[in-house]
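Here's the structure we're looking at; comments come further down.
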Amino acid sequence: MTSLKGKTAFISGGSRGIGLAIGIALGQHGANVVIAAKTASTNPKLPGTIYTAAAAIEEAGGRALAVQMDIRDAQAVEAAINKTVDTFGSLDIVINNASAISLTSTLETTPKVFDLVHGVDARGTWLVSKAALPYLIKSAKQGRNPHILTLSPQLRDNITKEEFAGRTAYAMAKYGMSLAALGLSGELEQYGIASNCLWPYTSISTEAMRFIAGAKSREISRTPEIMADAAISMLQKPAEKFTSRFEIDEVYLRKEHGYTTRDFRKYAQVPDDELILDFFIPQWQHDELAVLRANDTTLAGQAKL
């Protein structure tokens with residue numbers, strides 16, 4: 001595993017939820033972390049700002065920079081990337097975390113909302129990655145193991161209509177992030193830069209999810225730390241070999257680190273069979289995970305994070 005100490009990570013979004021959890025985990029590993037998001041002032045409905053996130057990362061042991069940025073603004077994105085390098089001297093990791101959510105059917109979705117989710121999710125992922133590329137290439141030349149990690153679903157040849165129904169605009173935008181990550185992996189392998197995706201098997205308890213689904217969602221979701229643990233492991237893999245991967249948090253932790261059902265209890269308040277499953281997970285993935293869970297005892301004793 002490659003050390004993350006002294007590496008510089010740029011996280012789009014990240015003032016709360018999964019992005020913040022990854023930022024704190026990076027801070028614990030001694031990384032420099034940039035939180036680039038819109039939220040600079042407190043919102044009683046959605047707690048957390050770029051400044052509270054930066055403070056949490058520094059408290060965890062890292063160095064942090066808070067940058068207010070609208071990911072839809074190409075000039076703002078470029079300025080944020082440049083400020084990152086001006087502050088820390090390098091850019092080694094990009095976490096494409098920023099995402100706008102709209103769980104509405106086509107009839108219920110306005111063109112304005114469609115443009116929002118695509119502008120933030122798919123276009124935002126592409127914009128941030130593009131602005132970061134010159135610095136990631138430099139990082140690769142310096143042997144600093146550069147990674148792009150995009151938080152989006154698996155691409156596969158059996159995507160189903162059920163994954164899109166009732167949320168077509170949002171699903172298009174999320175899979176657009178995955179397509180960007182796939183294309184980047186092909187373009188960047190010549191430089192030794194990794195481009196991978198990570199997605200949760202279950203619902204994740206975040207402020208945004210509680211705002212959309214209510215307080216009850218917290219009880220039947222896992223904490224963002226499961227995504228952070230998987231992300232940290234992926235970012236420590238050798239970039240020139242570990243790329244073009246579409247990982248699911250629980251499957252990855254079971255296969256790569258020997259996690260058993262007991263290990264996942266720290267991420268949830270309820271047993272596995274009561275958790276809400278993510279709607280972008282295909283049936284074959286459920287079947288694979290069922291086998292892994294049934295064989296828990298064969299994985300016990302392997303290395304943990």
Side-chain angles (χ1 to χ4, degrees), residues 1 4 11 13-14 16-29 56-57 60 95 97 99 101 147 149-154 156 163 174 178 196-210 212-237 242 245-305:
M1 290 289 193
L4 296 172
I11 304 178
R16 58 182 73 90
I18 295 171
L20 175 57
I22 294 174
I24 290 173
L26 284 165
Q28 291 170 339
H29 282 261
I57 291 163
I95 308 292
N97 163 75
S99 183
I101 304 174
H147 279 256
L149 181 61
T150 301
L151 305 186
S152 59
Q154 293 175 312
R156 40 182 218 284
E163 297 168 52
K174 291 305 294 187
S178 302
N196 298 299
C197 291
L198 176 65
W199 194 246
Y201 183 69
T202 71
S203 169
I204 300 295
S205 177
T206 65
E207 290 81 0
M209 183 56 67
R210 289 193 288 275
I212 293 171
K216 178 70 175 177
S217 65
R218 180 179 182 183
E219 301 173 13
I220 48 181
S221 302
R222 284 176 170 158
T223 66
E225 282 67 33
I226 186 172
M227 287 287 283
D229 285 348
I232 290 297
S233 173
M234 292 176 70
L235 295 172
Q236 290 177 310
K237 295 284 190 180
F242 189 83
R245 302 283 288 264
F246 292 86
E247 300 291 350
I248 301 297
D249 56 2
E250 180 175 345
V251 176
Y252 177 83
L253 290 171
R254 284 181 180 273
K255 287 185 173 181
E256 294 289 328
H257 294 282
Y259 269 42
T260 67
T261 298
R262 182 180 296 107
D263 296 304
F264 291 101
R265 291 174 183 168
K266 63 185 176 182
Y267 303 120
Q269 302 181 66
V270 297
D272 284 347
D273 58 3
E274 295 180 25
L275 291 165
I276 294 277
L277 303 184
D278 187 83
F279 39 72
F280 289 130
I281 304 296
Q283 184 58 50
W284 67 263
Q285 190 75 82
H286 294 307
D287 295 340
E288 179 186 14
L289 192 48
V291 172
L292 290 174
R293 288 176 174 177
N295 293 331
D296 264 352
T297 55
T298 66
L299 296 175
Q302 293 185 22
K304 303 289 174 64
L305 285 176

What closest approach, in Å, do [X] and [Y] show between heavy atoms, and which atom pair accounts for it?
| X | Y | value |
| --- | --- | --- |
| Ile248 | Gln285 | CG1-OE1, 3.5 Å |
| Trp199 | Ile281 | CD1-CD1, 4.2 Å |
| Cys197 | Ser178 | SG-CA, 4.1 Å |
| Phe246 | Pro153 | CD2-O, 3.7 Å |
| Ser233 | Tyr252 | OG-OH, 2.6 Å |
| Leu149 | Ala231 | CD2-CB, 3.6 Å |

| task | Using the side chain to side chain contact (heavy atoms under 4.5 Å, CB included) rule, pick out the option among Asn97, Ile232, Ile18 that qualifies with Met227. | result |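 Exactly one candidate clears the test, Ile18.
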| task | Consider only side-chain N and O atoms of Ser221 and Ser205, and report whether a donor and an acceptor are under 3.5 Å apart. | result |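 No - no donor-acceptor pair under 3.5 Å links their side chains.
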| query | Between Arg265 and Thr260, is any side-chain donor less than 3.5 angstrom from a side-chain acceptor? | reply |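 No - no donor-acceptor pair under 3.5 Å links their side chains.
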Once you round to the nearest 0.5 Å, how far does [atom1] of [X] lie from [atom2] of [Y]?
| X | Y | atom1 | atom2 | value |
| --- | --- | --- | --- | --- |
| Leu275 | Tyr201 | CG | OH | 9.5 Å |
| His257 | Asp263 | NE2 | CG | 11.5 Å |
| Leu198 | Leu235 | CG | CG | 9.0 Å |

| message | Testing Asp229, Thr223, Thr202 one by one against Tyr267 for a side-chain hydrogen bond (donor to acceptor under 3.5 Å, both in side chains), which residue passes? | response |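 Answer after filtering Asp229, Thr223, Thr202: Asp229.
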| task | Could you walk me through whether Ile24 and Leu20 pass the side chain to side chain contact (heavy atoms under 4.5 Å, CB included) test, one step at a time? | result | CA-CA 6 Å; Ile24 290 173; Leu20 175 57; 3.9 Å; yes
| message | Applying side chain to side chain contact (heavy atoms under 4.5 Å, CB included) to Gln154 and Phe280, what does each step give before you reach the verdict? | response | CA-CA 8 Å; Gln154 293 175 312; Phe280 289 130; over 6 Å; no
Ion pair [X]/[Y], N-O distance below 4.0 Å:
| X | Y | result |
| --- | --- | --- |
| Lys266 | Glu225 | no |
| Asp296 | Arg254 | yes |
| Glu247 | Lys237 | no |

